[in-house]
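So you know, we letter chains A, B, ... as the sequences are listed, proteins then strands, and number each from 1. Heavy-atom basis, side chains included; hydrogens, waters and symmetry copies ignored.
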Protein chains: 2
Amino acid sequence: MKYEIAKNKFIQTWGTLGTKWGINKTMAQIHALLFVSKEAISMEQIMEELHISRGNASMNLRALMEWGIIYKEYKIGERKEFFVAEKNFDELAVKIAKERSKREIKPTLKVLKEVSQLEDCKNDDEVYFAKQTEDLYQFVLKADNMIDKVTEYEKNWLSRLIVKFIK
Amino acid sequence: MKYEIAKNKFIQTWGTLGTKWGINKTMAQIHALLFVSKEAISMEQIMEELHISRGNASMNLRALMEWGIIYKEYKIGERKEFFVAEKNFDELAVKIAKERSKREIKPTLKVLKEVSQLEDCKNDDEVYFAKQTEDLYQFVLKADNMIDKVTEYEKNWLSRLIVKFIK
DNA sequence: CAAAACTTTCAATATTTACTGAAAGTTTAG
DNA sequence: CTAAACTTTCAGTAAATATTGAAAGTTTTG
């Protein structure tokens, strides 16, 4: 496959994958572009390569920086800002996992805890609801704690996890 | 909190969480409703509780069955179909993980492999692209294999994983 | 076999989500 | 200080996605 075709295909595929996981297409595409770029690139270049507007580029670059998976870089003698992606895979996975935990899992846990504490469980339906939500709370909590634990201080956590599990 | 309020809040929250992970709101809400219901419930009841149309209910029930996380049930003397959710947490997590792997990860792996095989890498950019996509392929492959491995025959895999990791 | 009881389909429509682009904001250079 | 170079914001619009509802399909019953 030719470079231009391959690069474009990669960017499109990563964008599509993003949408299926609740990440907007442009955000995923910008990440893909930076991820395969050896050099830091400017907003101008991003707009051009992805055919997107200045506003779109600006907003999604900010979002990616908030996720901590791309960084700003300054070149001497240049006024413009340039961007680079986090290139370490474990670091990337850790940051995504932590951010999603913070944004989505933890708020959900809070609600699960709330709703599982019913005032008074008169009938079977109420007892069952309380039990199911309580159990779900415990399960999600356990999974989320594992994310915290595994990603906190570990480098190469994925490899270590695999080794440990296979044993 | 009162039962009706709590139940509604749980359904809404689960629906919202779904949308953030690329699952449509109604699908997640139907799942939530069935998940906290002791008895199997009919399409009619689902439509009523969630205020959705017949078509919407029908399509999302089918989707949930394709994911293997809800089941049809028949009651004697009743013409209607009733539905129940998978209530085992490990089973639920396994099915979701496998389905997402099949639908999203494996197709992505295929593309990653393709694009990493560049015809000829003349310049630095091309070499870098090939390296990054190849490394990404390996990383995603490793993660996906772990999902396969962990979910294939194991019961209580999450607990076992935690125990193994903490050791 | 016909009608009743139920489910599925899908074109039209509504809703949600993302994107644009021009104006406003900010920083740097001279 | 102010003009140039650049970035951000956000109201309006476009695109993507989900939902409706009525018609078509299917199964069961008498």
What is the distance, rounded to the nearest whole Å, between atom [atom1] of [X] and atom [atom2] of [N]?
X: B:His51; N: D:dG21; atom1: NE2; atom2: P; answer: 14 Å
X: A:Ile23; N: C:dA18; atom1: CD1; atom2: P; answer: 11 Å
X: A:Asn56; N: D:dC10; atom1: CG; atom2: P; answer: 16 Å
X: A:Arg62; N: D:dT7; atom1: CZ; atom2: P; answer: 14 Å
X: A:Lys25; N: D:dA14; atom1: NZ; atom2: C1'; answer: 12 Å
X: B:Met43; N: D:dT19; atom1: CE; atom2: C1'; answer: 14 Å
X: B:Glu44; N: D:dG21; atom1: CD; atom2: P; answer: 14 Å
X: A:Leu64; N: C:dA18; atom1: CG; atom2: P; answer: 13 Å

Looking at [options], which one has an atom nearest to any side-chain atom of [X]?
X: B:Asn60; options: C:dT9, D:dT19, D:dT9; value: D:dT19
X: B:Ser53; options: C:dT20, C:dT8, D:dT19; value: D:dT19
X: A:Ile52; options: C:dT20, C:dT9, D:dT8; value: C:dT20
X: B:Arg54; options: D:dC10, D:dT20, C:dT8; value: C:dT8

> Which part of the nucleic acid, if any, lies within contact of B:Thr26, taking any heavy atom under 4.0 Å across all strands shown: a base, the sugar-phosphate backbone alone, or nothing?
Replying inline: sugar-phosphate
Between [Y] and [X], is there a side-chain heavy-atom distance shorter than 4.5 Å?
X: A:Glu134; Y: A:Gln117; answer: no
X: A:Glu104; Y: A:Glu99; answer: no
X: A:Arg100; Y: A:Ile23; answer: yes

>> Less than 6.0 angstrom separating the ring centers of A:Phe10 and A:Tyr3, yes or no?
In response: no
> Are any of A:Asn24's side-chain N or O atoms less than 4.0 Å away from OP1 or OP2 of C:dC19?
Replying inline: yes
>> Can you say whether a donor on the side chain of A:Arg79 sits under 3.5 Å from an acceptor on the base of C:dT27, or the other way round?
In response: yes
> More than 12 non-hydrogen atoms from neighbouring residues, nucleotides or ligands closer than 6.0 Å to NZ on B:Lys110, yes or no?
Replying inline: no
